[in-house]
Enquirer: 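Supplied in structure tokens, the structure appears directly below.
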Amino acid sequence: MSLLQVSELGKSFGGVNAVQGISFELAKGELLALIGPNGAGKSTTFNMVNGQLKADRGSIRLDGQELVGRKPRQIWRMGVGRTFQIAETFASLTVVENVQMALLSHDGRLFSTWRRASDHRRDDALALLDQVGMKAQADRACSVLAYGDVKRVELAIAMANSPKLLLMDEPTAGMAPKERNSLMALTKQLVIDRGMAVLFTEHSMDVVFAYADRMIVLARGHLIAEGRPLEVRDDPEVQEVYFGSGRTFENIAARAAKLGLA
């Protein structure tokens, strides 16, 4: 049974139909890439799943529970984590304190004054950091970290609510190729270990071909293709609308295969 079921989802802004009746499903243990040209409706779809935008029509169900109409915090407590295109951490806090803040929020104790935040579930925070390879830097300030390490900390923060579903908005934006592959390989392993699902937007087709189990393609608010990356590569409408021609897509797929990533 699918973990996430999106059915006939739609959103308009004034006279602009940003998303028009799209439907897709996402299973546990699966990475699903959401791609498309600028203005395709990716961000609108993503933000409706997260609750930042309310759908005008359609349904979004997580483990059978409707998400439409719920606030982002409610959706987060139901087991949906999120990372952002620009990593969001508290630069003045240490690495472990950033994760502890997320745990405090999850436990409903963010504004409690009876104990120091730095004492809250430190062992659990360190365990999360260990999973993303950042335990050794737990007591360093986030402000001094390399950007790739900040993205790892953000991933640990997103795991604080033990998500069933993780939403990743342009997870590799601003990263060097080696950092991109390292972060996505880590994400793939977390998906396997935890049995969660990941929905991610991504402009790097190298990343999509290397790590996505399936992909869905939007154009002008419509879902025009879905399937495994190599299947979608051969779709004539995708080649025309998204890539202009199939050559770029084929070259990327070949490069990923040569690197042993596809």
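In this chain, numbering begins with 1 at the start of the sequence shown.
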Enquirer: Is there side-chain contact between Leu34 and Phe200, with at least one heavy-atom pair below 4.5 Å?
Expert: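 Heavy-atom side-chain distance check fails, nothing below 4.5 Å.
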Enquirer: Would you kindly check if the NZ (Lys) or CZ (Arg) of Lys11 is within the cone defined by 45 degrees around the ring axis of Phe13 and under 6.0 Å from the six-membered ring centre?
Expert: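 Verdict for Phe13: a cation-pi partner in Lys11.
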Enquirer: Compare all side-chain heavy atoms of Glu237 with those of Val217 and state whether any distance is below 4.5 angstrom.
Expert: no
Enquirer: Ignoring hydrogens and angles, tell me if any N or O in the side chain of Ser182 forms a donor-acceptor pair with the backbone of Lys178 under 3.5 Å.
Expert: no
Enquirer: Can you find a side-chain donor-acceptor pair between Arg194 and Gln189 that sits under 3.5 Å?
Expert: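 Absent: no donor and acceptor within the cut-off.
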Enquirer: Does Arg61 reach the side chain of Leu4, with side-chain heavy atoms less than 4.5 Å apart?
Expert: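 No. Closest side-chain heavy atoms not under 4.5 Å.
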Enquirer: Checking side-chain polar atoms at under 3.5 Å, does Arg77 have a donor or acceptor matched by the opposite partner on Gln74?
Expert: no
Enquirer: Evaluate the side-chain proximity of Met196 to Met159: yes if any heavy-atom separation is below 4.5 Å, no if none is.
Expert: yes
Enquirer: Mind checking the CZ-CE spacing from Phe84 to Met168? Nearest 0.5 Å is all I need.
Expert: 12.0 Å
Enquirer: Which atom names give the shortest non-hydrogen contact between Ser23 and Leu223, and what distance separates them?
Expert: O-CD1, 3.4 Å
Enquirer: Is any side-chain heavy atom of Phe209 closer than 4.5 Å to a side-chain heavy atom of Arg233?
Expert: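 With C-beta onward as the side chain, the pair touches.
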Enquirer: Surrounding CZ of Arg57 (heavy atoms of other residues, nucleotides or ligands, distance under 6.0 Å), is the total greater than 12?
Expert: yes
Enquirer: Between Asp169 and Lys151 (salt bridge meaning N to carboxylate O under 4.0 Å), is one present in this structure?
Expert: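 Not counted as a salt bridge, because no side-chain N and carboxylate O are separated by less than 4.0 Å.
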Enquirer: State which residue, out of Val208, Asn38, Thr172, fulfils the side chain to side chain contact (heavy atoms under 4.5 Å, CB included) condition with His203.
Expert: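 Among Val208, Asn38, Thr172, the one that satisfies the side chain to side chain contact (heavy atoms under 4.5 Å, CB included) with His203 is Asn38.
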Enquirer: Does either side chain, that of Glu66 or that of Ser59, offer a donor lying less than 3.5 Å from an acceptor on the other one?
Expert: yes
Enquirer: Indicate whether any N or O donor in one side chain lies under 3.5 Å from an N or O acceptor in the other, for Asn17 and Ser12.
Expert: yes
Enquirer: How long is the gap from NZ on Lys54 to NZ on Lys71, to the nearest 0.5 Å?
Expert: 11.5 Å
Enquirer: Where do Arg82 and Asn47 land on the side chain to side chain donor-acceptor pair (under 3.5 Å) test, with the steps shown first?
Expert: CA-CA 10 Å; Arg82 177 164 184 178; Asn47 288 327; 3.0 Å; yes
Enquirer: Please determine whether side-chain contact (heavy atoms from CB on, under 4.5 Å) holds for the pair Met134 and Leu145, giving the CA-CA distance in whole Å, both sets of side-chain angles, and the decisive distance to 0.1 Å.
Expert: CA-CA 11 Å; Met134 288 298 293; Leu145 297 180; 4.0 Å; yes
Enquirer: When you look at Ile35 and Ile216, which way does the side-chain contact (heavy atoms from CB on, under 4.5 Å) test go after all the steps?
Expert: CA-CA 6 Å; Ile35 71 168; Ile216 54 178; over 6 Å; no
Enquirer: Set out, in order, the CA-CA distance, both residues' side-chain angles and the distance that settles side-chain contact (heavy atoms from CB on, under 4.5 Å) for Val6 and Leu9, then state yes or no.
Expert: CA-CA 7 Å; Val6 176; Leu9 197 63; 3.8 Å; yes
Enquirer: Please, which pairs that meet salt bridge (charged side-chain N to carboxylate O under 4.0 Å, His left out) have at least one residue in residues 207-221, sequence neighbours excluded?
Expert: Glu30-Arg214, Lys188-Asp213, Arg214-Glu226
Enquirer: Less than 4.5 Å apart, side chain to side chain, heavy atoms only: is that true for Leu32 and Val198?
Expert: no
Enquirer: Between Met101 and Leu93, is there a side-chain heavy-atom distance shorter than 4.5 Å?
Expert: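 Contact flag for Leu93/Met101 side chains = yes.
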Enquirer: From Tyr147 OH over to Arg152 CZ, what is the distance, rounded to the nearest 0.5 angstrom?
Expert: 14.0 Å
Enquirer: Shortest non-hydrogen contact from Pro163 to Val80?
Expert: CB-C, 4.4 Å
Enquirer: Can you tell if the side chain of Leu186 reaches within under 4.5 Å of the side chain of Leu155, non-hydrogen atoms only?
Expert: yes
Enquirer: Counting distance only, does the side-chain N/O of Asp235 pair as donor-acceptor with the main-chain N or O of Val238 below 3.5 Å?
Expert: yes
